[in-house]
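Only heavy atoms go into these numbers, but all of them, side chains included; no hydrogens, no water, no symmetry mates.
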There are 2 protein chains.
Amino acid sequence: MEGQIVERKLLLLGMLRMQDMHGYQLNEMIDSHIQAGFALKKPTMYKLLNAMVEDGWLTCATHKEGNYPTRRVYSLTAAGELAFMKLLRDSLSAYSPIEYQGNVSLLFMNALPEDERMALLHRRREIVKSLQHAMHPLPAISNPHDLVQLHQIRHLETELAWLDEVIASVSEERIHLELSQF
Amino acid sequence: MEGQIVERKLLLLGMLRMQDMHGYQLNEMIDSHIQAGFALKKPTMYKLLNAMVEDGWLTCATHKEGNYPTRRVYSLTAAGELAFMKLLRDSLSAYSPIEYQGNVSLLFMNALPEDERMALLHRRREIVKSLQHAMHPLPAISNPHDLVQLHQIRHLETELAWLDEVIASVSEERIHLELSQF
DNA sequence: CGAGGCATGTAACGAGTTACATGATTGC
DNA sequence: GCAATCATGTAACTCGTTACATGCCTCG
C-alpha cells in the first residue's frame with residue numbers, strides 16, 4: 001500500500017472513529033476542507049470504503065430515514081481500530097520531502113529576455129500573494145486542524161520569501177546557465 | 001495536457017535545446033539530479049520523447065558510433081522551440097500550492113498517549129533533520145540550478161520550524177480535538 | 001562465459017479522475 | 001414539469017511505475 005492510499009484510509013478511519021457516517025456525509029466534510037489540502041473524490045472514497053469493508057476494518061449497515069435515499073452507514077470494527085492506530089503511528093512518524101514540480105522553468109528562465117522573465121516571476125509572486133491573502137490568519141492554535149492550516153501558511157510564506165530571493169538574484173544578473181551545470 | 005506532463009516536456013525540451021542528445025543520455029542527466037526533485041523514469045521519458053516527435057517538436061536521427069548500440073539523437077525543431085517558449089512562459093508565471101499529504105495524521109494524533117505522540121513527532125523531526133544535513137549548503141547562488149536547490153533548503157527549514165511549533169503546542173497540551181472542528 | 005553497462009522500448013498493473021447511470025424526493 | 005439535492009456507484013480514460021524483453025559489447 002502506497003503513501004497516498006494510507007493517508008486517505010487514515011482520514012476515513014479517523015473520521016469514522018469519531019462518529020459513524022455514510023459516504024455522502026464523509027465526502028461533504030472532506031470537500032469543505034479542501035483549503036487545508038485534503039482532496040478525495042467521491043469514486044475514490046467509495047472504493048476505499050468498500051475495500052476497507054472487504055478487509056474487515058469497517059462494517060456497513062443500510063439505514064433508511066424518512067424520504068432520504070438509503071444510506072450505507074460505516075462503523076469501525078476492532079480490526080479497523082487496530083489498523084487505524086498502526087497507520088497513525090506510521091504516518092505521524094514519517095516524512096518524505098515534498099516533490100514540487102514548479103521549478104523546471106527556473107532552470108531555463110534565461111531563455112527569456114530579462115524584462116519578460118522579471119514580469120513572469122512577478123506574476124507568479126502575485127499568485128502566491130493572493131493565495132496567502134485567501135487564508136484567514138490563525139489567532140491561536142487550539143486544535144490539530146489549526147496545525148495543518150499553519151503548515152500551509154508557513155509554506156506559502158516560504159514560497160514568497162524564496163521567490164523574492166529569486167527575483168533579487170535575477171535583477172542583479174547573478175545568474176548564468178551553461179549545460180555543464182545541469 | 002496536465003501540469004506534470006508540461007513540466008516534464010519542458011525539462012526535456014530545455015535540455016535538448018542546449019544540446020542534441022539521445023534518451024539514455026537525458027535519462028542519466030536527470031537521474032543524477034533527483035536530489036533536486038526531478039524524477040522521470042525511463043519508460044515515461046521515452047514515451048514523452050516519441051510523443052514530441054509525433055507532435056513535430058523534435059526530430060530524431062539514428063546514430064551509430066563505434067561499438068555502441070544505435071542511438072536515437074533528438075533535436076528541437078522550430079515548432080519545438082516555439083512550444084518550449086510557450087511552456088516556459090506558462091510554467092514560470094504559474095503557481096499551484098503544494099499538496100502535502102503527510103498531515104492527516106496530525107488531525108488524529110490525540111488518539112495516542114501523550115508520550116508516544118511526542119516520541120513519534122520527534123522521530124519525524126529527525127528525518128527532516130537528516131534530509132537537511134544531506135543537502136550541502138550553497139556558498140552562493142550562481143546559476144538557476146542553485147535556486148531550485150535553495151527552494152528545497154528553504155522548505156526543509158520551514159518544515160522543521162513548523163514541526164517545532166507542533167511539538168511545542170503538543171507539549172503545552174494546548175491541543176484538543178472534537179469532531180465539530182473538522 | 002557470465003555479469004554488467006549501453007540503448008530502446010513493451011506489457012501489465014495500479015491509482016485517480018471525469019463523466020455518466022440510477023432513482024427517489026423537494027422546490028420553483 | 002424541470003432542476004437540484006441526496007446517495008451510491010460504474011466505465012472509460014489518463015498517467016505513471018515496475019518488471020520484463022531484446023541485443024550487442026566489454027571486462028574480468
Side-chain angles (χ1 to χ4, degrees), chain A residues 1-12 15-16 20-32 34 37-55 58-75 96 99-101 104, chain B residues 1-12 15-16 20-32 34 37-55 58-75 96 99-101 104:
Chain A
M1 220 170 20
E2 200 222 292
Q4 184 89 303
I5 292 183
V6 168
E7 290 283 323
R8 289 170 161 194
K9 287 191 175 178
L10 184 61
L11 179 62
L12 294 171
M15 292 173 78
L16 290 174
D20 290 356
M21 278 184 273
H22 59 274
Y24 195 89
Q25 216 174 338
L26 285 160
N27 180 62
E28 284 211 315
M29 285 182 93
I30 292 167
D31 270 6
S32 68
I34 355 145
F38 304 112
L40 185 52
K41 297 292 161 73
K42 269 187 291 188
T44 313
M45 181 201 62
Y46 281 116
K47 207 178 225 179
L48 290 176
L49 287 172
N50 290 332
M52 290 193 289
V53 171
E54 280 293 304
D55 292 343
L58 302 177
T59 52
C60 108
T62 54
H63 277 291
K64 181 77 185 170
E65 199 175 316
N67 286 325
Y68 289 108
T70 307
R71 297 161 172 169
R72 310 188 65 194
V73 177
Y74 297 93
S75 325
S96 48
E99 77 271 301
Y100 181 55
Q101 282 84 0
V104 172
Chain B
M1 218 172 20
E2 202 223 292
Q4 184 90 299
I5 292 182
V6 168
E7 290 284 322
R8 289 170 162 193
K9 287 190 176 178
L10 183 61
L11 179 61
L12 294 171
M15 291 173 77
L16 291 173
D20 291 356
M21 277 184 273
H22 58 275
Y24 196 89
Q25 214 174 341
L26 286 160
N27 180 62
E28 284 211 316
M29 284 182 93
I30 292 167
D31 269 5
S32 67
I34 354 145
F38 304 112
L40 185 51
K41 296 293 162 72
K42 269 187 290 187
T44 313
M45 181 201 64
Y46 281 117
K47 206 178 227 178
L48 290 175
L49 287 171
N50 291 332
M52 291 193 289
V53 171
E54 280 294 303
D55 292 343
L58 302 177
T59 52
C60 110
T62 54
H63 276 291
K64 181 77 186 169
E65 199 176 313
N67 285 327
Y68 289 106
T70 308
R71 297 161 173 171
R72 310 188 65 196
V73 177
Y74 297 93
S75 324
S96 48
E99 78 270 301
Y100 181 56
Q101 282 84 0
V104 172

Would you say [N] has OP1 or OP2 under 4.0 Å from some side-chain N or O of [X]?
X	N	result
B:Y68	C:dC6	no
B:R72	C:dT8	no
A:Y46	D:dG9	no

Return the value, rounded to whole Å, for the distance between atom [atom1] of [X] and atom [atom2] of [N].
X	N	atom1	atom2	result
B:E7	D:dC15	CD	C1'	16 Å
B:Y24	C:dC6	OH	P	4 Å
A:D31	D:dA7	CG	P	14 Å
A:R71	C:dT22	CZ	P	23 Å
A:E99	D:dG16	CD	C1'	12 Å
B:E65	D:dC24	CD	C1'	16 Å
B:M21	C:dT8	CE	C1'	17 Å
A:N27	C:dT17	CG	C1'	14 Å

Let me check something: any side-chain donor-acceptor pairs from residues 45-53 of chain A under 3.5 Å, sequence neighbours excluded? List them with distances.
from, atom 1, to, atom 2, distance (Å)
A:N50, ND2, A:Y46, O, 3.2

For this session: Kindly give the heavy-atom pair with the smallest separation between B:G23 and B:Y74, and that separation in Å.
Result: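 So the minimum-distance heavy-atom pair works out to N-CE1, 4.2 Å.
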Find every protein N or O atom lying less than 3.5 Å from an N or O atom of nucleotides 26-28 of chain D, and list the pairs.
from, atom 1, to, atom 2, distance (Å)
D:dT26, OP1, B:N67, ND2, 2.9

For this session: With sequence neighbours left out, write down each residue that passes side chain to side chain contact (heavy atoms under 4.5 Å, CB included) with B:D55, or none if nothing qualifies.
Result: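 Checked B:D55 against side chain to side chain contact (heavy atoms under 4.5 Å, CB included); matches are B:K9, B:W57.
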For this session: Using the test side chain to side chain contact (heavy atoms under 4.5 Å, CB included), find all partners of A:E99 that sit at least two apart in sequence or belong to another chain.
Result: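 A:E99 satisfies side chain to side chain contact (heavy atoms under 4.5 Å, CB included) with A:Q101 once adjacent residues are dropped.
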Distances under 3.5 Å between nitrogen or oxygen atoms of protein and nucleotides 17-20 of chain D:
from, atom 1, to, atom 2, distance (Å)
D:dT17, OP2, B:T44, OG1, 2.8
D:dT18, OP2, B:K41, NZ, 3.1

Exercise. Under 3.5 Å, is there a donor-acceptor pair between the side chain of A:R71 and the main chain of A:E65?
Worked result: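 No; zero donor-acceptor contacts below 3.5 Å.
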Indicate yes or no: at least one non-hydrogen side-chain atom of [X] is less than 4.5 angstrom from one of [Y].
X	Y	result
A:M15	A:M21	yes
A:V6	B:V104	no
B:L16	B:L26	yes

Exercise. To the side chain of B:E28, which of D:dG16, D:dT5, C:dC6 is closest?
Worked result: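 Minimum distance to the B:E28 side chain belongs to C:dC6.
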For this session: Check every atom of C:dC6, D:dA7, D:dG16 against the side chain of B:Q4 and return the nucleotide holding the closest atom.
Result: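 Taking heavy atoms from C-beta onward, the closest nucleotide is D:dG16.
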Exercise. Who are the side-chain hydrogen bond (donor to acceptor under 3.5 Å, both in side chains) partners of B:S96, not counting sequence neighbours?
Worked result: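 For B:S96 there are no side-chain hydrogen bond (donor to acceptor under 3.5 Å, both in side chains) partners, ignoring immediate neighbours.
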Exercise. Taking for each residue the nucleotide of DNA chain D bearing the nearest heavy atom, is the 5' side occupied by A:P69 or by A:N50?
Worked result: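 On the 5' side of the pair lies A:P69.
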